[in-house]
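Below: the structure, in structure tokens.
First listed ligand is number 1; within each ligand, the first listed atom is number 1.
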Amino acid sequence: MNKNIAVIKGDGIGPEIVDEAIKVLDAISQKYNHTFSYDYILMGGCSIDVCGTPLSDEAIEIAKKSDAVLLGSIGGDTTTSPWYKLEPSLRPEAGLLKMRKSLNLFANLRPAYLYNELKGACPLKEEITEGGFDMMIVRELTGGLYFGDRETKEIDGQMVAHDNLVYSENEIKRIAKRGFDIAMKRNKKVTSVDKANVLDSSRLWRKVVNEVSQDYPEVTLEHMLVDNCAMQLVKDPKQFDVILTENMFGDILSDEASMVTGSIGMLSSASLREDKLGMYEPSHGSAPDIAGKNVANPIATILSAAMMLRYSFDMDKEADNIEKAIEKVLEKGYRTIDIMSKGKEEVSCSRMGDLIVENL
Ligand code: IPM
Ligand code: MG
């Protein structure tokens, strides 16, 4: 198969980790006789530096025409980088939000699970994580607080700011369906997370999710308030299969869930819409403090490339191959510094990429 991939290396460690993912994709294309071609586009801080905007219209057009988008990471140190002296709509993150909205990537999938090999990195007590956990956060990505009206203005001599949280029935329905579809392929449980004891948007969310659930009699649905969910994630992460939630709650809970696994450098994500086009990126950020040192963990990006093969290109065996190669490399004891533990062998970012290719 021929596939065109729009590649955004981005900022910080982005270029290093993306290079390793491309290394793995090239090895896969050789092994399975595919042709992957790459269009490199700019987004985030590097785009501000070159084009004066965090995402140009040309970059969006290239992404729209591609079969999938692979992204490293964007953004810099928010206290020291000059990008954060710009007005909010010109900062690196605005480019990411514009890309999500322009491509209509409404469904963000963020897996969080405990790797057997990396149990030691989990900050929770062993009795809590015994047997492991494996959840998928399904986060709505193009609505809610992130995209509602916002304004800061002076009223009666003081500054006042507001951000609107808006959801329509259709927006809730399509993400809910996605959540239930994913649950059908997993352990058939959906925990829908909202703040229905306070917010109107959450009460509508709950009503629509209940309606959608009628079409999925095999899936067990429970509703959970977001503050309780934050607590349950550390108290008993094993109870979760699919967590379905709106944009802002999903942003916060997915960081918490990844921390609970203890290995954020291992977690991938996919942002999808109705058709096959998707954007794939690691769950972690751009880590400007370690950028350019060849010590970053490329595994989350390589796993994101595997998700791309699976979800956008229907290349399941190729994706399996990558995931198994990563497990093998971990079993053999190789670790980047973020997941290093006693008795294991510490390797660089590029060496980790090489090892994964060798184990395909
Ligand atoms: C994420 C990030 C983004 C978000 C930022 C960088 C705008 O935190 O992908 O979770 O809030 O969605
Ligand atoms: Mg986030």
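Aromatic ring orientation, F180 versus Y216: parallel (interplanar angle below 30°, classes split at 30° and 60°). Using cut-offs of 30° and 60° on the angle between ring planes, the pair Y113 and Y115 is tilted.
Relative to the six-membered ring of Y311, R273 misses at least one condition, a distance below 6.0 Å or an angle of at most 45° to the axis. Cation-pi geometry between R91 and Y84 is not satisfied (NZ or CZ under 6.0 Å from the ring centre, within 45° of the ring normal). Taking the ring centre of F147 as origin, the terminal cationic atom of K101 falls inside the region bounded by 6.0 Å and 45° from the ring axis.
The protein heavy atom nearest to atom 10 (O) of ligand 1 is D251 OD1, 2.9 Å. Of the protein's non-hydrogen atoms, Y146 OH, 2.6 Å is the one closest to atom 11 (O) of ligand 1.
Distance NZ/K344 to OG1/T336: 13.5 Å, rounded to 0.5 Å.
Results of the salt bridge (Lys or Arg N to Asp or Glu O under 4.0 Å) test with D241 over R186, K189, K188, K185 single out R186 as the only residue that passes.
Each of the following atoms of ligand 1 lies closer than 4.0 Å to a heavy atom of R110: 1 (C), 9 (O), 10 (O). Of all atoms in ligand 1, numbered sequentially from 1 with element shown, those under 4.0 Å from a heavy atom of R139 are 1 (C), 4 (C), 9 (O), 10 (O), 11 (O), 12 (O).
Taking only nitrogen or oxygen atoms, main chain and side chain alike, E93 does not reach within less than 3.5 Å of ligand 1. For ligand 1, none of its N or O atoms has an N or O atom of E281 under 3.5 Å away.
Take the Mg ion (ligand 2) and draw a sphere of radius 2.8 Å; the protein N/O/S atoms inside it number 1.
With respect to D134 and K238, no salt bridge is recorded, no charged nitrogen being found less than 4.0 Å from a carboxylate O.
The two residues S268 and S304 make their nearest non-hydrogen contact at CB-OG, 3.2 Å.
For the residues R100, H284, R91, the heavy atom positioned nearest atom 9 (O) of ligand 1 is part of R100.
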